[in-house]
Amino acid sequence: MNTKLLGLSTAIAATVLLAASAQAGNNPVDENWWPSEFGADDEAGATNYITPEKRMAAAQLVKTGRVATLGMPYHNTTPLFPGRVLSLTIPSGGGPTHNLTWTGDSYRQTFMDELMTANIGQVGTQFDSLAHPMIRIEGQEGWEDGNYFYNGVRLEDVGTPYGITKNGTEKVGSFFTRGILIDMVALKGGNLPIGYPISMDDYRAALAAQGIDDAGLGDVVLFRTGWNDIWRDNHNLSTGEAVANNNEFNSGGPGISPEVCDHLAARKIAMLGADNWGIEPYDFASKGDWPTPFAEVPAWAYCHMNLSNRRGIYLFENLDLKQVGEDQAYEFLFSWAPIKLVGATGAPGNPIAAY
């Protein structure tokens with residue numbers, strides 16, 4: 001049987017079982033998940049784990065001077081979550097946007113500009129700030145109804161039409177730390193199928209096969225599933241072909257199980273990333289036409305809620321992990337900082353792995 005399809009039905013069943021198990025104590029009302037270990041006023045979260053000593057140790061991971069950029073291209077056929085927008089145009093229609101004087105009658109100085117209209121923090125390769133995921137609580141004694149961010153910040157207290165006044169992207173800081181790749185494509189001999197949940201057995205097997213240590217304090221952990229190979233060449237395809245690819249990509253994907261997210265949370269990593277669009281495993285297509293059943297999947301964003309909301313651990317989605325996987329660069333210096341979009345829910349990005 002094709003390794004891409006191997007165990008599909010059992011994988012999807014395992015997703016349900018893993019989620020149910022992990023959610024057994026998953027009640028925000030009964031858990032004390034703030035104030036953060038970094039203090040009641042902290043807005044930076046897990047970048048606090050990246051100390052000067054951690055940065056110096058990470059720099060020693062560069063052995064060959066080779067670099068992989070980890071961002072997917074942003075273009076007009078990038079797959080989008082329903083309700084989001086990405087459009088890049090040239091305001092002049094293709095000619096120079098600016099046409100200014102230069103010395104002599106035969107010369108001008110000209111310039112080009114672009115106009116990008118997008119949910120800039122939440123399209124393509126996207127970094128989630130701590131002002132993105134929320135846990136909503138209603139009708140619970142002793143609690144004020146509302147949508148709760150990291151460190152108990154309530155949207156109703158900090159939300160404005162021009163940005164979130166706490167936990168915004170400008171508060172993140174930077175990532176210059178040890179990165180590790182968990183290459184499931186190499187481990188399984190091919191791209192993972194839709195709905196496949198990466199288990200702790202998978203995680204441990206990858207560490208052993210790759211000869212690297214478990215994630216540690218302040219690390220960035222990246223999972224390669226192969227899922228975004230579906231739309232990798234969209235910008236070279238016809239509109240119809242790109243739309244078909246995007247529909248397949250958006251219908252779900254392999255991802256990281258709750259048990260692995262809980263393990264990484266306990267290891268106090270700084271960030272979790274993947275080459276899928278939503279970190280966790282999904283198979284919405286099996287439930288009907290996308291995106292109709294989306295809201296009917298309970299606790300589908302378990303890792304979002306339990307890493308970002310409760311612990312301030314960041315997420316990075318739609319990363320390009322093909323080169324770093326093919327180079328077998330399983331441990332590297334991960335370097336990146338989000339642009340300082342004040343009050344934003346995230347940022348686009350093109351991180352670097354140096355090894």
Start with the C-alpha distance between T69 and D320, add both sets of side-chain angles, then the distance that settles side-chain contact (heavy atoms from CB on, under 4.5 Å), and finish with yes or no.
-> CA-CA 8 Å; T69 57; D320 185 355; over 6 Å; no

Yes or no on side-chain contact (heavy atoms from CB on, under 4.5 Å) for L155 and I164, after CA distance, side-chain angles and deciding distance?
-> CA-CA 8 Å; L155 173 65; I164 313 301; 4.0 Å; yes

Worked check of side-chain contact (heavy atoms from CB on, under 4.5 Å) between L192 and I198 = CA-CA 9 Å; L192 299 184; I198 299 169; 3.9 Å; yes

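For the atom pair CG of N48 and CD of E37, the computed distance is 8.0 Å after rounding to the nearest 0.5 Å. With rounding to the nearest 0.5 angstrom, the OG atom of S335 is 10.5 Å from the CZ atom of R55. Between F332 atom CZ and Y355 atom OH the span is 9.0 Å, to the nearest 0.5 Å. With rounding to the nearest 0.5 angstrom, the CD atom of Q122 is 12.0 Å from the CG atom of L80. Atom OG1 of residue T225 and atom CD1 of residue I182 lie 13.0 Å apart, to the nearest 0.5 angstrom. Rounded to the nearest 0.5 angstrom, L61 CG and K63 NZ are separated by 6.5 Å.
With hydrogens and angles ignored, the 3.5 Å screen pairs no side-chain donor or acceptor of N250 with any backbone N or O of N247. Side-chain atoms of E114 do not come within 3.5 Å of backbone N or O of L88 as any donor-acceptor pair. Checking side-chain atoms of D283 against main-chain N and O of G252 turns up no donor-acceptor pair under 3.5 Å. R311 places a side-chain N or O within 3.5 Å of a backbone atom of N306 that can act as its donor or acceptor partner. With T117 contributing its side chain and V85 its backbone, the two residues share no donor-acceptor pair below 3.5 Å. A donor-acceptor pair is defined here as one N or O able to donate and one able to accept, closer than 3.5 Å; such a pair exists between the side chain of N151 and the backbone of G39. Side-chain atoms of E156 come within 3.5 Å of backbone atoms of N147 as a donor-acceptor pair (strictly under, hydrogens ignored). Within the 3.5 Å criterion, the main-chain N or O of Y314 finds no donor-acceptor partner in the side chain of S308. With hydrogens and angles disregarded, a donor-acceptor distance shorter than 3.5 Å links the side chain of R154 to the backbone of D145. No donor-acceptor pair closer than 3.5 Å links the side chain of N318 to the backbone N or O of V123.
Contact detail for G253 and I194: the closest heavy-atom pair is N-CG1, 3.4 Å. Nearest heavy-atom pair across I137 and V29 is CG2-CG2, 4.2 Å. When all heavy atoms of V220 and L222 are compared, the closest pair comes out as CG1-CD2, 3.6 Å. Closest of all the heavy-atom pairs between A344 and A131 is O-CB, 3.9 Å. Scanning both residues, P133 and F149, for their nearest heavy atoms gives O-CD2, 3.5 Å. Residues L307 and C261 share a closest heavy-atom pair of CD1-O, 3.5 Å.
By the 6.0 Å contact criterion, CG on N32 is open, its count of non-hydrogen atoms from other residues, nucleotides or ligands being 12 or less. Residue D41 places its CG atom among 12 or fewer non-hydrogen atoms of other residues, nucleotides or ligands, all under 6.0 Å distant.
V324 and V67 are assigned to two separate hydrophobic clusters, defined by single-linkage of ILVMFWY side chains at heavy-atom distances under 4.5 Å. Two different hydrophobic clusters hold F175 and L341 under the rule that ILVMFWY side chains link at heavy-atom gaps under 4.5 Å. Placement of W33 and L130 in two distinct hydrophobic clusters is found when ILVMFWY residues are connected by side-chain heavy-atom separations under 4.5 Å, directly or transitively. The hydrophobic clustering, which links ILVMFWY residues whose side-chain heavy atoms are closer than 4.5 Å, places F249 and V185 apart. In the hydrophobic clustering of this structure, V260 groups with L207; members are Ile, Leu, Val, Met, Phe, Trp, Tyr whose side-chain heavy atoms approach within less than 4.5 Å, directly or through other members.
Listed by chain and number, the residues in a side-chain contact (heavy atoms from CB on, under 4.5 Å) with T89 are S87, L115 (sequence neighbours excluded). Partners of Y49 according to the ring pair (Phe, Tyr, Trp, His ring centres under 6.0 Å) rule, which considers only residues two or more places apart in sequence or in another chain, are F38. Considering only residues two or more places apart in sequence or on other chains, H263 meets the ring pair (Phe, Tyr, Trp, His ring centres under 6.0 Å) condition with Y203. Residues forming a ring pair (Phe, Tyr, Trp, His ring centres under 6.0 Å) with F316 (at least two apart in sequence, or on another chain): F127, W336. The ring pair (Phe, Tyr, Trp, His ring centres under 6.0 Å) check on W143 picks up W34, Y148, with sequence neighbours excluded.
Each of W227, Y282, W231 was checked for a ring pair (Phe, Tyr, Trp, His ring centres under 6.0 Å) with W277, and the lone residue meeting it is Y282. When each of R267, K54, K268 is tested with D219 by the rule side-chain hydrogen bond (donor to acceptor under 3.5 Å, both in side chains), just one qualifies, namely K54.
D275 and R224 are not joined by a salt bridge, as no carboxylate oxygen comes within less than 4.0 angstrom of a charged side-chain nitrogen.
Screening residues 163-177 for side-chain hydrogen bond (donor to acceptor under 3.5 Å, both in side chains), with sequence neighbours left out, gives E43-K171.
Using a 3.5 Å distance cut-off with no hydrogens or angles, the side chains of H98 and D113 do pair a donor with an acceptor.
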